[in-house]
Amino acid sequence: MPRPCSIHCVMPSECGRAPGIAHHPAFRPAAAATALAIAATLLALAPPRASAATRPSPGPRTAAGAEPPFPAGRLLAPVPASRPEAESPPEAASSAARKRTVPPRDVLPDLPSSQRLDQQLAEYALRASGIGWRSTGRCSDRTVRTCTSFEGIRWGTLRSLIDFAESSGCEVTVTGGTEHGHAGGTYSHANGYKIDIATGACVDEAVRRYPSIGVRGDGARLHRSPEGVVFAREKDHWDITIRRGPRG
């Protein structure tokens, strides 16, 4: 007789009916447990999903010059340095160059009296000497009569005014220069020979120390300094005429 089959058979040849082993009641729980163990082992050993393996890091890349891949990484990226001063706009560079042409504030330029000045240099010389200025229109445009402009004024005119302010010790304020709106003529405001200053107790007294030389055609009383500077008392200011100046 053939040997009866058993769940302990190792080879199918040892059992008369190998296909019937799977239907044995004792074999089913053991087979199920073995299958579960094998499945768990395969899952544990399986490599991670390709999408997870290739997912980029949220932080910025470390390679030099590489752009961070995410907005958060870009926020953490170093902020580019501001442009150096050498790359300033041409307007700023031109403005800086103009400022460098102005002499030191405590030194007045040594110029001939006939030298014509621009607005910037004239303002510098007046400010450095403690002389102020004002205009009805709060401007310096030579073509506007409500402005107070020094564009084209002679250095001799400005220098003589500075000498008057220093010798009198008065607070001097300029109210008129080379702007339009004054009387014409050779020795006029437009040609840089005249300048107007505000009246005041100190200024009036200082001017009246000079000898009187009569009355002008419009009724303005005239005074002349030893240097030849003529002061005409108009309605609300002194009209000053300087034909030569300290250096001719």
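How far CZ of F150 is from CH2 of W133: 6.0 Å, rounded to the nearest 0.5 Å. The distance from atom CD1 of I195 to atom OG of S160, rounded to the nearest 0.5 Å, is 10.0 Å. Atom NZ of K235 sits about 13.0 Å away from atom CG of D218, to the nearest 0.5 Å. The CD atom of E123 sits 9.0 Å away from the OG atom of S149 when rounded to the nearest 0.5 Å. Taken to the nearest 0.5 Å, the CD1 atom of I197 stands 11.5 Å off from the CD atom of E171. In this structure, the separation between CH2 on W155 and OG on S114 is 12.5 Å, given to the nearest 0.5 Å.
Put simply, the side chain of V144 does not reach to within 4.5 Å of the side chain of E179, judged on heavy atoms. The shortest side-chain heavy-atom distance between E151 and I153 does not fall under the 4.5 Å cut-off. In this structure, V229 and I240 have side chains that are in contact, with non-hydrogen atoms separated by less than 4.5 Å. The closest side-chain heavy-atom distance from I131 to V174 is below 4.5 Å.
Closest non-hydrogen pair, S188 versus G184, comes out as CB-C, 3.8 Å. Nearest heavy-atom pair, I242 versus G156, reported as atom, atom and distance to 0.1 Å: CG2-O, 3.8 Å. When all heavy atoms of A125 and L158 are compared, the closest pair comes out as CB-CD2, 4.1 Å. Residue T178 comes nearest to G152 through the heavy atom pair CG2-C, 4.3 Å, listed as atom of the first residue, atom of the second, then distance. Considering all non-hydrogen atoms of both residues, V172 and A165 come closest at CG2-CB, 3.8 Å. Between T148 and Q119, the shortest heavy-atom contact is O-NE2, 4.1 Å.
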### Task
Tell me, with the steps shown, if R154 and S113 meet side chain to side chain contact (heavy atoms under 4.5 Å, CB included).
CA-CA 6 Å; R154 298 170 70 253; S113 294; 4.2 Å; yes

### Task
In sequence, state the C-alpha distance, the side-chain angles, and the governing distance for L126 and L161, and then conclude on side chain to side chain contact (heavy atoms under 4.5 Å, CB included).
CA-CA 9 Å; L126 291 173; L161 178 64; 4.2 Å; yes

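Residue E166 qualifies as enclosed at atom CD: its count of foreign heavy atoms under 6.0 Å is above 12. The number of heavy atoms from other shown groups lying within 6.0 Å of CZ (R221) does not exceed 12.
When the salt bridge (charged side-chain N to carboxylate O under 4.0 Å, His left out) test is applied to D239, the partners found at least two apart in sequence or on another chain are K194, R216.
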Which pairs of donor and acceptor atoms, one on a side chain in residues 198-215, lie under 3.5 Å apart (sequence neighbours left out)?
from: D204; atom 1: OD1; to: W238; atom 2: NE1; distance (Å): 2.7

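At distances below 3.5 Å, not a single donor-acceptor pair connects side-chain atoms of N191 with backbone N or O atoms of Y193.
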